[in-house]
Amino acid sequence: MSGDRHRRIFAFEADFSGDLRCIPMAVRRKLDLAGVKLKLAHWHGLSEAERRDLLAWPDSTDELEGLRRWLLARSADLPQGPARAIDPLRSAAWLQGGAIPDVLLESCRQLGVTLRADRWSRLDELERFALVKLCHPGHEHRNLPKALEEFDLKS
């Protein structure tokens with residue numbers, strides 16, 4: 001991603017973006033790409049300056065490897081215990097603009113929204129990531145309609 005898109009905070013995240021009390025989608029995307037499972041308790045164990053640094057962290061392959069090393073080392077000292085290393089995502093559906101993931105299609109169907117492939121392919125990678133994350137089981141789905149509206153996908 002070029003420019004500042006790797007550090008963007010969406011409007012649907014505005015409720016908690018001021019103090020970064022929740023992990024923004026831009027950071028969650030970087031964590032998935034870097035291969036780090038960071039729990040909200042870990043996030044709260046970081047200083048606000050460290051959270052802002054993670055949001056601003058560049059997302060090139062080399063920078064993401066540095067992020068992985070830093071977070072695993074930094075979290076080792078947290079009372080919550082260390083963050084967990086996971087396999088970095090390399091082929092997730094949101095990385096490409098091809099087929100719309102079934103989990104997103106089903107969530108949209110439940111909301112009465114038809115998401116067309118041409119609209120999906122025009123989204124940038126971070127927008128696709130956010131939509132997929134917002135409809136996964138176990139995630140609070142209240143922001144999915146807001147994201148669909150923000151990305152001009154509600155029909």
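These numbers were taken from a predicted model, which means no experiment stands behind them.
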Quick one: side-chain contact (heavy atoms from CB on, under 4.5 Å) partners of [X], sequence neighbours excluded?
| X | result |
| --- | --- |
| Ser91 | none |
| Ala56 | Arg7 |
| Arg122 | Asp118, Arg119 |

To the nearest 0.5 Å, what is the distance between [atom1] ([X]) and [atom2] ([Y])?
| X | Y | atom1 | atom2 | value |
| --- | --- | --- | --- | --- |
| Glu127 | Asp152 | CD | CG | 10.5 Å |
| Phe10 | Leu134 | CZ | CG | 9.0 Å |
| Lys133 | Met25 | NZ | CE | 8.0 Å |
| Leu54 | Leu46 | CG | CG | 6.0 Å |
| Leu33 | Leu89 | CG | CG | 6.5 Å |
| Trp94 | Leu123 | CH2 | CG | 13.5 Å |

So, for [X] and [Y], which heavy atoms are closest and what is the spacing to 0.1 Å?
| X | Y | answer |
| --- | --- | --- |
| Pro58 | Leu64 | O-CD2, 4.3 Å |
| Cys135 | Val103 | O-CG2, 3.5 Å |
| Trp120 | Ala99 | NE1-O, 3.6 Å |
| Leu104 | Leu115 | CD2-CD2, 3.5 Å |
| Glu150 | Phe12 | OE1-N, 3.0 Å |
| Ala26 | Leu126 | CA-CD1, 3.7 Å |

Q.
If we check salt bridge (charged side-chain N to carboxylate O under 4.0 Å, His left out) with Asp59, which of these qualifies: Arg8, Arg29, Lys30?
A. Arg29

Tabulate below the donor-acceptor pairs under 3.5 Å that side-chain atoms of residues 69-76 make, not counting sequence neighbours, or state none.
unit_1	atom_1	unit_2	atom_2	d
Arg74	NE	Glu50	OE2	2.7
Arg74	NH2	Glu50	OE1	3.2
Ser75	OG	Leu71	O	2.8
Ser75	OG	Leu72	O	3.4
Ser75	OG	Ala83	N	2.8

Q) Listed by chain and number, what are the side chain to side chain donor-acceptor pair (under 3.5 Å) partners of Gln80, not counting sequence neighbours? A) none

Q | Listed partners of Arg52 passing side chain to side chain donor-acceptor pair (under 3.5 Å), at least two apart | A | Glu48

(Q) With heavy-atom distances below 4.5 Å as the criterion, would you say the side chains of Trp43 and Arg21 are in contact? (A) no

Q: For residues Leu131 and Ile100, determine if any side-chain heavy atom of one lies less than 4.5 Å from a side-chain heavy atom of the other.
A: no

Q | Criterion side-chain contact (heavy atoms from CB on, under 4.5 Å) on Leu31 and Ile86, from CA distance to verdict | A | CA-CA 9 Å; Leu31 294 171; Ile86 58 174; over 6 Å; no

Q | Lys39 atom NZ, neighbour heavy-atom count above 12 within 6.0 Å | A | no

Q.
Around atom CD of Glu149, are there more than 12 heavy atoms from other residues, nucleotides or ligands closer than 6.0 Å?
A. no

Q: Please answer: with hydrophobic residues joined when any side-chain heavy atoms are less than 4.5 Å apart, are Leu40 and Val36 in the same cluster?
A: yes

Q. Just by modelled atom types, is the Lys37 backbone N or O under 3.5 Å from a matching donor or acceptor in the Arg84 side chain?
A. no

(Q) Test side-chain contact (heavy atoms from CB on, under 4.5 Å) on Cys108 and Leu148; report intermediate values, then the result. (A) CA-CA 9 Å; Cys108 287; Leu148 290 166; 4.1 Å; yes

